[in-house]
Number of protein chains: 2
Amino acid sequence: MHMGMPESDYPDIRELHLFSDMEHENFNALMRGTYLQNFPPQVDLITEGEQSDFLHVILSGSVELSASWNGRETTMATVRPVSTFILAATIKDAPYLMSAKTLEKSRIALIPSLDVRRVFDTDNNFARAIVAELAQCYRSVIKSQKDLKLRTSLERLANYLLRQQHLAKGPQEFELKMEKRRLASFLGMTPENLSRAFKGLQPYGVEVNGNLIRISDQDDLVKFAKPFSLIDDYSI
Amino acid sequence: MHMGMPESDYPDIRELHLFSDMEHENFNALMRGTYLQNFPPQVDLITEGEQSDFLHVILSGSVELSASWNGRETTMATVRPVSTFILAATIKDAPYLMSAKTLEKSRIALIPSLDVRRVFDTDNNFARAIVAELAQCYRSVIKSQKDLKLRTSLERLANYLLRQQHLAKGPQEFELKMEKRRLASFLGMTPENLSRAFKGLQPYGVEVNGNLIRISDQDDLVKFAKPFSLIDDYSI
DNA sequence: TACATTTCTTGATCTGGATCAAACTCACCC
DNA sequence: GGGTGAGTTTGATCCAGATCAAGAAATGTA
């Protein structure tokens, strides 16, 4: 681990909506204290319940956010570049509510929470950017909550596939970006059931081949899934 | 409905963490455009999908936030005085993700979203207060999500009762503040099942009499419920 | 290449919780 | 007081999804 960011990583972070409007001075102050590290897969970055020491920015790879209770565990979200995670805990100086671990080899910037809070207190543009980011995060969780409470697991899977297809710019064929067992946990079901759910979507034109998904009858799937902007559109 | 807030309601709102640190000037500007209204029970205040016109502050009574999809409906939360709701939609100028309706006769302040966004852009203390509020809201939803994904309905009910007892300052006996069918929906179950779940908690010392709950064996219930700060403590 | 380990799938069974139906309770109102 | 209608409870049944068990496939490793 080394202190201070190499020049080459500045732009990626600076471009993030969260940092793009802040004072140069303040951004540089943040970066001076920032650690950059390459992590191998399966490394625990954060354990739920611990105090927030760093705001994390994922520059490459992927990170899983999970939570556990009473011996059970569930996947809450997967984070992909370029974005931050556990912003709320950092701002509130509160314990993490989720654990985080790398899924693949990942490059991650660690910005000391103390610095984030200090700059937050002085840089108004940064404070405003944080509001936008938090509002976005809040609305995302609400959508996910609605997905969980209002839909069956089959419906959740169908809509998940449509969302992923949309993210992949809407091709007939695309790859799952998550291991199936993780996807199952994310969707609130068991791996066995996910496997059966894929079968259950065959009548609606979904073909599965390993990580490859083919949606042969888009309209049919849409008719079944009934995607709804107030649940499935993560851009609003 | 009348324009401009009566003096007597200023303090309630001013005391809210969200408004307490902002400039007098700006607070007054907000209040000048604010409508105050008394609503009877069962009035729809907000319909999900509509554009955010007002930030709502509930001064008395209670409001239910719900969401629906494909003919199904679920209770997301109940809001009680003094707090705001649908802050995220107001800030983002995005459509509401939830509907809101009064459960009881309620006094509610309606602050035009345009004004909120304008003051947000100029008053830094207000912007910071919004960050704190949003971070709190975000973490609350995450906790609720963990509750849903990691616990059975019986466990959710047990922990809900312990939380309510705690809010009531920990007496052996306390009242449910929600209709049972709403509570069922909030906990992600049917009314029938809630009824059976109450029965299922009898062995752990829970006695139900209408809206009155008596926890005769605290330790036993706690041992079953296994409350966990990172799910059940809404103050962190 | 062969072996080991993990993930994924499939089948059989079980169970938590939903649904359906009917009684019961209670608040409200003429 | 005696409806009337909503909310709640109880019982019977059903179903989605969990669990258990065992292969099959993929992945990593000697």
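Below, all heavy atoms of this structure are taken into account, side chains as well, without hydrogens, waters or symmetry copies. The shown structure was predicted, so the numbers you read here are calculated from the model rather than taken from an experiment.
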Without decimals, in angstroms, what is the distance between B:N209 CG and D:dT8 P?
14 Å
Quickly work out the A:F198 CZ to D:dA25 P distance and round it to whole Å.
18 Å
Generate the contact string for nucleotides 13-30 of chain C. Rules: B means base contact, S means sugar-phosphate contact only, - means no protein heavy atom under 4.0 Å.
----BBBB----------
To the nearest Å, how far apart are A:E104 CD and D:dG28 C1'?
17 Å
Evaluate the side-chain proximity of A:Y138 to B:S140: yes if any heavy-atom separation is below 4.5 Å, no if none is.
no
Parallel, tilted or perpendicular: which one describes the rings of A:H56 and A:Y96, with boundaries at 30° and 60°?
perpendicular
Taking atom types as modelled, is there a side-chain donor on A:S66 or A:S99 under 3.5 Å from an acceptor on the other?
no
For atom CE of B:M178 and atom P of D:dG7, their distance in whole Å:
15 Å
d(NZ, B:K180; P, D:dA6) in whole Å
19 Å
Minimum heavy-atom distance between B:S185 and B:E73, given as atom pair plus value:
OG-O, 4.2 Å
Nearest whole Å is fine: how far is C:dT7 C1' from A:L194 CG?
12 Å
Pairs touching residues 76-85 of chain B that satisfy side chain to side chain donor-acceptor pair (under 3.5 Å), sequence neighbours left out
B:T84-B:E133
Side chains of A:S68 and A:E48 only: does a donor on one sit below 3.5 Å from an acceptor on the other?
yes
Calculate the interatomic distance between B:E179 atom CD and D:dT9 atom C1'; express it in whole Å.
15 Å
Could you check how far CZ of B:R181 sits from P of D:dT9, rounded to whole Å?
13 Å
